[in-house]
Amino acid sequence: MSKEIYLGVDGGGTKTAFILEKDGETFLHKEGTIHLSQISRDEFKKRIRNAVEVLTKEAGLTNKDIAYTFVSVPGYGQYPEDEAFIDESLREILGTDNFKVGNDCLNAWAGSLNAKPGINIILGTGSIGFGLDDKGNSLRCGGWGPLISDESSGYYLGLRLINYFTKQSDGRIPKTMLYDLMKEELKIDDDFEIIPMAEGMTRDELAAVSKILGKLLENKDQCALELIDRAGYEAALTINTLAKKLSFEGEVLASYSGGVFNLGSILIDSIEKYLDENIRLLAPYADPTQGALILAKKYSEEDK
C-alpha cells in the first residue's frame, strides 16, 4: 500500500471539513463543529471517528494506511484542559502518533499563502489573525472569543446590525433600509421582540444575521457602510500588529479566509485602506480545507 495518503481536518466554529488525499485523488466529508466549547467530548470523538470511517471506506483504505494527519480545532491552545483529551482521542481513532493538532488559524494561513511566510486573517463565525515570518517565528492576534473580541467576524457584524436596529427603532439614529430588512428577515412584528430573540440566539445564529449586510451594502445603506468601514479597520489592525511584532524582511504578504469575505471587494477595499504601506493583500492560494492537507504533508516531511 502506497503511503502517499494524507488526511486534513479543517475544524471551524460551525462545521468541520475533512479531506483525504490518496495518491493525488481527494475525498471529502463534512461534519458539525468539533469546538469543545460547543459540543461534548463524546460528540467530538463521534464526529471524528465517523468522518475517518466514511472517508477510508470510500477510498478503499483503513485508518492505518494514512501516512500523516493534520487536525485544526477551534480554540486549540486556549483551553489546556482539552488538549490532552484531543491528542488522546486522535491517537485512539487514528491508531498512530503520526498526526499534529493546531488552532484553526494555522490551516487557514497555510491554505491562503501555501504555507509561506506571511499573515492570514480569518473572518468567519469568529475571527483571528496568524502570521509566520521569514525566521520561522509565529504569532496569533485577536481571536479572544465572541464575548470580548472576534472583531469583524460574522458574530461581530450580526450583533452590531442588531444594535443599529435598536437605535433606529427608538429614534437615536434615523431609520434606513436596515430597519425594515431586519424586521423582514427576523420576522419581527413588535420591535421589542428583538430582545428575547437576540438573548436566545446561539453564536452561529447571531453570525447568520450578518448575511443581510451584503444587500444593505448594495443599496449603500449608511449604517452598513459605517459597519464595513469599522470591520476593515479592525481587520487591518490585526494584520498591521502581526506585521510589526514579527520579523519580516521587506514587503509583507497577507491573505484571508472565512465566510465574511463573501462580501467581496467592498470588504477587501476597506481593509486595504487601513493597511500599512509595507503590506500587500493577496487573494488566497487555496481554502483552509486544502490548507489542512498542505500541513499534513508539511509535517510529515518534517517528522521524517
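Residues: numbered from 1 along the sequence shown. As a basis for the values below, the full set of heavy atoms in this structure was taken, side chains included, without hydrogen atoms, waters or symmetry mates.
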For [X], look at atom [atom1] and say whether over 12 heavy atoms of other residues, nucleotides or ligands are found less than 6.0 Å away.
X	atom1	result
E88	CD	no
Y285	OH	no
K183	NZ	yes

Nearest atoms (heavy-atom pairs only) where [X] meets [Y]:
X	Y	value
A235	S152	N-OG, 3.6 Å
G12	P74	O-CG, 3.4 Å
L139	L246	CB-CD2, 3.9 Å
E185	I212	CG-CG2, 3.5 Å
G32	T16	O-OG1, 2.8 Å
L206	L159	CD2-CD1, 4.1 Å

**Study point:** Charged tip of R41 within 45° of F85 ring normal and under 6.0 Å
**Key:**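 Ring-cation test returns yes.
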
Exercise for review: Would you check, one step at a time, whether the test salt bridge (Lys or Arg N to Asp or Glu O under 4.0 Å) holds for E92 with K45?
Suggested key: CA-CA 10 Å; E92 173 192 328; K45 291 174 74 170; 3.2 Å; yes

Exercise for review: Nearest 0.5 Å please: distance from the NE2 atom of H29 over to the CG atom of L7.
Suggested key: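 Separation between the atoms: 11.0 Å.
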
**Study point:** Gap separating the CD1 atom of I122 from the CZ atom of F261, nearest 0.5 angstrom
**Key:**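 Between atom CD1 of I122 and atom CZ of F261 there are 10.0 Å.
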
Exercise for review: Give a yes or no on whether the ring-centroid distance for Y179 and F165 is below 6.0 angstrom.
Suggested key: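 Yes - the distance between ring centres of Y179 and F165 falls below the 6.0 Å cut-off.
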
Practice item. Fit a plane to each ring of Y299 and Y68, take the angle between them on a 0 to 90° scale, and name the class: parallel (under 30°), tilted (30 to 60°) or perpendicular (over 60°). Key: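 Tilted.
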
Kindly indicate whether the side chain of [X], heavy atoms from C-beta on, has any atom under 4.5 Å from the side chain of [Y].
X	Y	result
L181	K215	yes
I19	Y6	no
R280	V252	no

**Study point:** NZ/NE/NH1/NH2 to OD/OE distance under 4.0 Å, E43 and R47
**Key:**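 A salt bridge links E43 with R47.
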
Review point. Quick one: do D276 and K244 make a salt bridge, cutoff under 4.0 Å?
Key: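 So D276 pairs with K244 through a salt bridge.
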
Exercise for review: Run the numbers on T166 and Q168 for side-chain hydrogen bond (donor to acceptor under 3.5 Å, both in side chains), then give the verdict.
Suggested key: CA-CA 5 Å; T166 65; Q168 292 189 14; over 6 Å; no

Hey, any chance [X] and [Y] share a hydrophobic cluster, counting ILVMFWY side chains that come within less than 4.5 Å of each other, even indirectly?
X	Y	result
L20	I93	yes
L237	I121	no
I294	Y76	no
Y274	I266	no
F27	L94	yes

Review point. With sequence neighbours excluded, what pairs up with R230 under the side-chain contact (heavy atoms from CB on, under 4.5 Å) test?
Key: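 Scan of R230 (side-chain contact (heavy atoms from CB on, under 4.5 Å), adjacent residues dropped) gives Y156, Y233, E234.
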
Check your understanding: For Q38, what residues pass the side-chain contact (heavy atoms from CB on, under 4.5 Å) criterion, not counting sequence neighbours?
Key ->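 Q38: side-chain contact (heavy atoms from CB on, under 4.5 Å) contacts with T33, H35, R203, D204.
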
Practice item. Just do the salt bridge (Lys or Arg N to Asp or Glu O under 4.0 Å) check on D65 and K22 with the steps written out, would you? Key: CA-CA 10 Å; D65 293 319; K22 173 188 175 185; over 6 Å; no

